[in-house]
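Below: the structure, in structure tokens.
Owing to the predicted nature of the structure, the values given are computational and were not obtained by experimental measurement.
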Amino acid sequence: GWSGVGGGGRGGWVERRGGGGGRGVGEVRGGKAGGCDSRAMPRAVFAEREIAAVGVTEADAQASGIEVVIGRFPLAALGRAVVEAATAGFAKLVFAGEGGAVIGAHLAGPSSTELVGEMALAIEMGATAEDLALNVHAHPTFAESLMEAAEVSLGRPIHVRRAAKN
């Protein structure tokens, strides 16, 4: 089958990483401050339910001694998902502590493979939950799930119940 940088071949993840790294090397050789931030390298699975991730998992962050705050938003509470009868899925964001930067994003559902790029940029820029919560998205869209997950992490969810405190 056909395969290229970011292509659909068996090595899609490796190809994308290679393309990003190659660009960084070219920038450095050209006298620019280039590089490829491997923390912000998106991963995608193109299946009946799209799955995408970028950054670290909750478990990996905790194993590294990072205190995490999680924002998880079910697509069943998202207007666009309800209209399209595509409510199976979620957006889960991992933040480095309360008020900290987003360090991971895990998405399942329609458009996940498109939305993961927004989260890669957020990780690369050091965006916080507050930054993501204030980012306005068109309505109704699947992208709103990212804003909603950030709101959940801040303890002020709009379309789901606030988690009970222990």
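By the criterion of side-chain heavy atoms lying less than 4.5 angstrom apart, applied directly or through intervening Ile, Leu, Val, Met, Phe, Trp or Tyr residues, V94 is not grouped with F73; the two fall into different hydrophobic clusters. Residues I70 and I103 are members of one and the same hydrophobic cluster, defined by side-chain heavy-atom contacts under 4.5 angstrom among Ile, Leu, Val, Met, Phe, Trp and Tyr.
Remark: E67 pairs with no residue by the salt bridge (charged side-chain N to carboxylate O under 4.0 Å, His left out) rule, at least two apart or across chains. Scanning for side chain to side chain donor-acceptor pair (under 3.5 Å) contacts around T87 gives an empty result, with sequence neighbours left out. Considering only residues two or more places apart in sequence or on other chains, R80 meets the side chain to side chain donor-acceptor pair (under 3.5 Å) condition with E84. Taking the side chain to side chain contact (heavy atoms under 4.5 Å, CB included) definition, one finds that A122 meets it with V102, M119, A127, L132, sequence neighbours left out. The side chain to side chain donor-acceptor pair (under 3.5 Å) check on T128 picks up D131, with sequence neighbours excluded. Residues that satisfy the side chain to side chain donor-acceptor pair (under 3.5 Å) test with E114, not counting sequence neighbours, are absent from this structure. Partners of E151 by salt bridge (charged side-chain N to carboxylate O under 4.0 Å, His left out), not counting sequence neighbours, listed by chain and number: R156. Residues that satisfy the side chain to side chain contact (heavy atoms under 4.5 Å, CB included) test with A91, not counting sequence neighbours, are L107, S145, L146, A149.
Remark: F142 CZ to L115 CG distance equals 9.0 Å, nearest 0.5 Å. Taken from CG in L75 to OG in S112, the straight-line distance is 7.0 Å, to the nearest 0.5 Å.
Side-chain contact check for L154 versus E130: some heavy-atom pair is nearer than 4.5 Å.
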Applying side-chain contact (heavy atoms from CB on, under 4.5 Å) to E148 and I158, what does each step give before you reach the verdict? CA-CA 7 Å; E148 296 274 7; I158 299 168; 3.9 Å; yes

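V116 and P42 make their closest contact through CG1-CB, 3.7 Å (heavy atoms, listed as atom of the first residue, atom of the second, distance). Closest of all the heavy-atom pairs between P157 and V152 is CB-CG2, 3.8 Å. The shortest heavy-atom contact between G100 and F95 is O-CD2, 3.6 Å. In terms of heavy atoms, R72 sits closest to P74 at O-CD, 4.1 Å. Minimum interatomic distance between S153 and A129 (heavy atoms only, all atoms of both residues): OG-CB, 3.4 Å. Closest heavy-atom contact between R49 and A108: CD-CB, 4.0 Å.
Counting only residues at least two apart or on different chains, no salt bridge (charged side-chain N to carboxylate O under 4.0 Å, His left out) pair has a member in residues 94-106.
Side-chain heavy-atom separations under 4.5 angstrom define the hydrophobic clusters, and F46 shares its cluster with no other residue. When hydrophobic residues (I, L, V, M, F, W, Y) are linked wherever their side-chain heavy atoms come within less than 4.5 Å, the members clustered with M125 are L121.
Defined by atom type and a distance below 3.5 Å, a donor-acceptor pair is present between the side-chain atoms of H137 and E118.
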Below 3.5 Å, can you tabulate the donor-acceptor pairs from side chains in residues 51-66 to any protein atom, sequence neighbours excluded?
from : atom 1 : to  : atom 2 : distance (Å)
T57  : OG1    : D60 : N      : 3.0
T57  : OG1    : D60 : OD2    : 3.3
E58  : OE1    : K92 : NZ     : 2.8
S64  : OG     : D60 : O      : 3.0

